[in-house]
Q: 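Okay, here's the structure, questions in a sec.
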Amino acid sequence: MHFLDQAKIFVRSGAGGPGAVSFRREKFIEYGGPDGGNGGKGGDIVFEAVAGLNTLIDFRYTQHFRAPRGHGGSGSNRTGGGGDDLLIKVPVGTQILDEEREEVLLDFTEVGQREVFLRGGDGGRGNASYKTSTNRAPRQHGTGWPYEEAWVWLRLKLLADAGLVGLPNAGKSTFINACTNAQAKVGAYAFTTTRPQLGVVRHKQREFVIADIPGLIEGAAEGAGIGDRFLGHIERCKVLLHLVDANDDDVGESYRIVRDELENYGGGLTDKPFVVALNKIDTLDDELIAALCGELEEASGAEVIPVSAAAGTGTDWVLDHLLEAIGPDATAVAEDDEGEDSIEWSPL
């Protein structure tokens, strides 16, 4: 499935149906009077956040959404049928922005959240509603209230508990593959990851979601490399995991480059709790690992965890720190058969 996190669409609610002009005509009834019914209400434009979606690719091929209008009223005081609401399903984490992308109109953060975005027009009045003591045979009617329409932007911000950041080829994809069932592409070249990737970590009977985004390089805020457009997907993370490649010439400078880009982007990313890990230590000796950890601790001001995602060294230590930062929001899961006590099934 292709990944798309931004889409521009056109939405229009339904107009109200017109009221009817009608008079009662029955045998033996001399003065039947007006009996034109009201028009039906137009359909609303409704957005709903659903589970199982993590891309806006469907909106690349369908970009216009129009709700049906209300039906016209008829004689015998019959009100016209209302137009059906048009339901647009979006992934959890989607934001609805105005055409200039300056104001967030709706924000969907929970499964099942449903919001009416554009209301359909009310139906017009039939001539029966215009009858008064002095106007016994009115011929006026309402044409129905008009529709509402707008061009809007859909912007998807993936919901994850932890986010991975670092320079290209720092081993982020290898780490998420080692800790989750994700199958992120891994290669010995920069920008192997070209779109965000989600994985579910199961650690110590807890579950949480981790997000991997493309690597940042110096000048990403100005569009260098892939840029910083994917940083929006980690804005809602509770903790960031900063991976630094132990094979870099200057690990402290590698750390500062990414932190500067996070600060330039804003969004409160630099205010989040973060865990720093020195990756790819399987190619180094203990003395060099200790020296690089000390250098990185001096640059970051935080404890540095030596880790090798490829070899599985230190990953549990990192996950412990992430769980501690996430806190009680991590989902508890039942114990399985792999080393933990399982519940024996019984028919009683």
Side-chain angles (χ1 to χ4, degrees), residues 1-15 42-70 82-121 147-161 163-164 173 176-177 180-185 191-200 209-214 223 226-237 267:
M1 180 183 294
H2 296 287
F3 180 81
L4 186 70
D5 61 351
Q6 293 186 30
K8 187 179 183 180
I9 63 172
F10 173 81
V11 289
R12 174 190 291 175
S13 63
D44 298 335
I45 295 291
V46 182
F47 286 96
E48 181 182 11
V50 298
L53 291 178
N54 58 3
T55 177
L56 299 175
I57 190 64
D58 292 341
F59 298 99
R60 172 173 289 178
Y61 310 108
T62 304
Q63 299 173 339
H64 293 78
F65 299 86
R66 297 180 176 90
R69 67 173 299 158
D84 295 332
D85 295 340
L86 180 58
L87 181 64
I88 303 176
K89 297 180 179 181
V90 296
V92 180
T94 300
Q95 293 180 328
I96 313 296
L97 292 83
D98 61 3
E99 188 174 5
E100 288 74 28
R101 289 192 279 190
E102 295 178 352
E103 181 182 358
V104 177
L105 306 176
L106 292 175
D107 192 2
F108 295 89
T109 58
E110 297 179 357
V111 175
Q113 182 179 350
R114 179 180 291 201
E115 302 285 350
V116 176
F117 181 64
L118 296 180
R119 189 178 182 277
Y147 51 76
E148 298 179 351
E149 63 180 18
W151 282 95
V152 296
W153 280 92
L154 306 183
R155 181 173 66 189
L156 175 61
K157 291 185 176 181
L158 297 177
L159 296 181
D161 300 300
L164 283 172
S173 297
I176 195 173
N177 287 346
T180 73
N181 289 329
Q183 298 179 350
K185 183 179 179 181
F191 298 113
T192 307
T193 302
T194 57
R195 62 181 182 87
Q197 188 88 18
L198 289 179
V200 178
V209 180
I210 190 168
D212 174 26
I213 64 171
I226 297 181
D228 61 1
R229 59 164 294 188
F230 292 116
L231 285 178
H233 294 288
I234 60 172
E235 281 187 20
R236 300 177 180 180
C237 292

Q: Describe, in one word, how the ring planes of Phe10 and Trp151 are oriented to each other, choosing from parallel (under 30°), tilted (30 to 60°) and perpendicular (over 60°).
A: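 Because their plane-to-plane angle lies in the 30° to 60° range, the rings of Phe10 and Trp151 count as tilted.
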Q: What's the separation between atom CD1 in Ile57 and atom OG1 in Thr62, rounded to the nearest 0.5 Å?
A: 11.0 Å
Q: For Ala160, give me all partners under side chain to side chain contact (heavy atoms under 4.5 Å, CB included), at least two apart in sequence or on another chain.
A: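 Expected list: Leu198, Val209, Ala211, Cys237.
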Q: Can you name the closest pair of heavy atoms from Ala67 and Gly43 and give their distance?
A: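 Taking Ala67 first and Gly43 second, the nearest heavy atoms are CB-O, 3.5 Å.
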Q: Counting only N and O atoms by type, is there a donor-acceptor contact under 3.5 Å from the side chain of Glu110 to the main-chain atoms of Ala49?
A: no
Q: Going by heavy atoms in the side chains, are Tyr147 and Leu118 under 4.5 Å from each other?
A: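 No, side chains not in contact.
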Q: Sequence neighbours excluded, which residues qualify as salt bridge (Lys or Arg N to Asp or Glu O under 4.0 Å) partners of Arg12?
A: Glu149
Q: Under 3.5 Å, side-chain donor or acceptor atoms of residues 99-106 against the rest of the protein: list the pairs with distances, not counting sequence neighbours.
A:
from, atom 1, to, atom 2, distance (Å)
Glu99, OE2, Lys8, NZ, 3.4
Arg101, NH1, Gln6, OE1, 2.9

Q: Could you give the distance from CD1 (Ile210) to CD1 (Ile176), rounded to the nearest 0.5 Å?
A: 5.5 Å
Q: Only counting residues at least two apart or in another chain, list the ones meeting side chain to side chain contact (heavy atoms under 4.5 Å, CB included) with Ile9.
A: Val11, Phe47, Phe59, Phe65, Val152, Leu154
Q: Enter the distance from Leu159:CG to His233:NE2 here, rounded to the nearest 0.5 Å.
A: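 Rounded to the nearest 0.5 Å, the CG-NE2 separation comes out at 11.0 Å.
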Q: With sequence neighbours left out, write down each residue that passes side chain to side chain contact (heavy atoms under 4.5 Å, CB included) with Val46, or none if nothing qualifies.
A: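 Once residues adjacent in sequence are excluded, the partners of Val46 under the side chain to side chain contact (heavy atoms under 4.5 Å, CB included) criterion are Asp44, Asp85, Leu87, Arg114, Val116.
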Q: From Asn177 CG over to Asp212 CG, what is the distance, rounded to the nearest 0.5 angstrom?
A: 8.5 Å
Q: List in chain and number order the residues that pass side chain to side chain contact (heavy atoms under 4.5 Å, CB included) with Pro91, two or more places apart in sequence or in another chain; answer none if no residue qualifies.
A: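 Pro91: side chain to side chain contact (heavy atoms under 4.5 Å, CB included) contacts with Leu53, Leu56, Thr94, Leu156.
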Q: For the residue pair Ile96 and Glu115, establish whether any side-chain heavy-atom pair is separated by less than 4.5 Å.
A: no
Q: Locate the shortest heavy-atom distance separating Pro214 from Pro196; write the atom from each residue and the value.
A: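 The pair with the smallest heavy-atom distance is CD-N, 4.2 Å.
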Q: Roughly how far, to the nearest 0.5 Å, is NZ of Lys157 from OG1 of Thr109?
A: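 Taking OG1 in Thr109 and NZ in Lys157, the distance rounds to 12.0 Å.
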Q: If you measure from CD1 on Ile234 to CZ on Arg236, what distance do you get to the nearest 0.5 Å?
A: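 Interatomic distance, Ile234 CD1 to Arg236 CZ, rounded to 0.5 Å: 13.0 Å.
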Q: Does the side chain of Asn181 come within less than 4.5 Å of Val200's, by heavy atoms?
A: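 Answer no - side chains too far apart.
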